[in-house]
There are 2 protein chains.
Amino acid sequence: MTHYRSAMASSTVEDYLKQILLLSAAGDELVSMGDLATALDVVPGTATTMVKALAAEGLVTHRPRYGVNLTAEGRRVALGVIRRHRLIETFLVNVLKMDWTEVHAEAELLEHAISDTVLDRLDALLGHPAADPHGDPIPTRHGKVDAQVYATLATCLLEKPLRIVRIVDQSPQFLEFAEQSGLRPGELLRVTDRNLAAGLVTVRKGPARAVTLGLAAAGHILVAPER
Amino acid sequence: MTHYRSAMASSTVEDYLKQILLLSAAGDELVSMGDLATALDVVPGTATTMVKALAAEGLVTHRPRYGVNLTAEGRRVALGVIRRHRLIETFLVNVLKMDWTEVHAEAELLEHAISDTVLDRLDALLGHPAADPHGDPIPTRHGKVDAQVYATLATCLLEKPLRIVRIVDQSPQFLEFAEQSGLRPGELLRVTDRNLAAGLVTVRKGPARAVTLGLAAAGHILVAPER
DNA sequence: CGCGTTATTTTGATTAGTCAAAATAAATCT
DNA sequence: AGATTTATTTTGACTAATCAAAATAACGCG
Ligand SMILES: [Mn+2]
Ligand SMILES: [Mn+2]
Ligand SMILES: [Mn+2]
Ligand SMILES: [Mn+2]
């Protein structure tokens, strides 16, 4: 009646590894203890302690005073967690018809509890999706993940037709704003104005509706040129 | 990024409470520390320590040296866990088409990770089932559970037509035996012979197939008179 | 009734994960 | 360069959950 997970990484360890990967932006830059601690909602000393333990397990490399990043093995584990997270989100939205603004918190917990068997069934049921409801790419079972780089509403060309491919912010507040403003993955729009000094970006969907948002927010919406 | 559950009971606490309920056979008999420890796969001293802590929290009443049972609040929590467990099993079999012999272990973990929101969606998707794939009754959202008492293949009348309503043993070994022998919930059969001295029961489905099983095993298969 | 067997409880330790606060190192600013 | 600010690490302490092994209580039998 005790529970486990393949080759045993606790959900705490899984969350640390996942967060290190996400904060290093799928790249190899060092993640600071401060950022890691904030993301995991622990005090910095806790992050330091945990990172040293992960380093001793060979899951991360730690440059004291500078930061941490993943070993190949740590990355493998992290990608597994991210795959589970994103497939679960997709299931919750596509099958259970939940709101895409609220599924992140659910997946945060379920990602540690679902077996490979169940995950594979889910993946098949969903038709092996390439991205989750936020447009986040879903790693394959073998840890391949689409690393394509996109422009954002803060950096793209003006007046060109664009399609939203991804929202890079999991907070319900931001997602609800996006939902309300019609800024969902898949939507078509163009940026009609960008004022760097004022930090404002204006976008339009068709001739009608115009939405103005701050540069930081605009930077969280990834787009690809359309047609 | 830390995780939680409504009014916070750890998965360990949830498993203790659930197991106490299951071992007291939905009744009010005291559960011994030995049985509880065995069910939870811990040493008896651990069960004692935990039960004292649960008693301090008002979730159980402990009669030292005799046993433990649930308070109303402990029972409420336990029924919630059991509801989640059984709805998850039903989902895994009915939607993901997993084998009814293997879903118990999956549910053992997922039961602690699923929110009320997701559970309600699942319940609706499944059409508010009254029982899980093993025939175990699913408590309602308000903690009502079908307490009907059934005969078993070890106690029922001979030669009467019967329908299997429930298998009271979660072990994959037993369930695979049941599956192989065609002894699934819903199946029709009759007991053609019972030898108490030898401890053997023989059942037949139609005129064809006869299966012989031991008394203990027969006692794990609950049946209702048919027609 | 007393003695041995068996179950339960207690005691002392251990591990994972955490925090508060002090110590230290690095970065930044005169 | 020296002083100040900021980030990181260390230290000491705590909680939840567990085990091994010793102590104790209840049971069951002659
Ligand atoms: Mn998580
Ligand atoms: Mn997502
Ligand atoms: Mn469980
Ligand atoms: Mn069941």
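Below, chains carry the letters A, B, ... as their sequence lines are ordered, and counting in each starts from 1.
- Between the CG atom of A/Leu30 and the P atom of D/dA7 there is a distance of 17 Å, given to the nearest Å.
- The side chain of A/Tyr66 approaches C/dA27 more closely than any other nucleotide in the set C/dT8, C/dA27, D/dA26.
- Atom-to-atom, CG of A/Leu54 to P of D/dT9 comes out at 13 Å; the value is rounded to the nearest Å.
- Ring orientation note: the planes of A/Trp100 and A/His134 are tilted relative to one another, at an angle of 30° to 60°.
- Each of D/dT9, C/dT18, C/dT9 was ranked by its minimum atom distance to the side chain of A/Thr46; first place goes to C/dT18.
- Side-chain proximity of A/Ser10 to C/dT9, C/dG17, D/dT18: nearest is C/dG17.
- The separation between B/Met33 atom CE and C/dT6 atom C1' is 16 Å, rounded to whole Å.
- For D/dT8, neither phosphate oxygen OP1 nor OP2 lies less than 4.0 angstrom from any side-chain nitrogen or oxygen of A/Thr48.
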Stepwise side chain to side chain donor-acceptor pair (under 3.5 Å) test for B/Ser24 and B/Glu29: CA-CA 6 Å; B/Ser24 69; B/Glu29 319 99 59; 5.9 Å; no
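- We find that CZ of B/Arg63 is positioned 13 Å from P of C/dT8, with the value rounded to whole Å.
- Between the base of C/dT24 and the side chain of A/Arg65 there is a donor-acceptor pair shorter than 3.5 Å.
- The distance between atom CG of A/Leu59 and atom P of C/dA16, rounded to the nearest whole Å, is 13 Å.
- For B/Glu14 and D/dA16, the CD to P distance is 16 Å, given to the nearest whole Å.
- Residue whose closest nucleotide on DNA chain C sits further toward the 5' end, between B/Lys52 and A/Tyr16: B/Lys52.
- In this structure, B/Asp35 atom CG and C/dT8 atom C1' are separated by 13 Å, rounded to whole Å.
- With respect to A/Glu73 and A/Arg76, a salt bridge is recorded, a charged nitrogen being found less than 4.0 Å from a carboxylate O.
- Using a 4.0 Å cut-off between charged side-chain N and carboxylate O, A/Lys18 and A/Glu108 make a salt bridge.
- Nucleotide C/dA16 holds its C1' atom 8 Å from the CE atom of A/Met50, rounded to whole Å.
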Pair B/Arg141-B/Asp116, salt bridge (charged side-chain N to carboxylate O under 4.0 Å, His left out): steps then yes or no: CA-CA 9 Å; B/Arg141 195 157 54 284; B/Asp116 288 350; over 6 Å; no
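- Using a 4.0 Å heavy-atom criterion, one finds that A/Gly34 contacts the sugar-phosphate atoms exclusively.
- Counting only heavy atoms from C-beta on, A/Val42 has its side chain closest to C/dT18 among C/dT18, D/dA17, C/dT24.
- OP1 or OP2 of D/dT9 sits under 4.0 Å from a side-chain N or O of A/His62.
- Nearest to the side chain of B/Pro44, among D/dT18, D/dA17, C/dT9, sits C/dT9.
- Comparing C/dT9, C/dA20, C/dG17 by their nearest atom to the side chain of A/Val43 picks out C/dA20.
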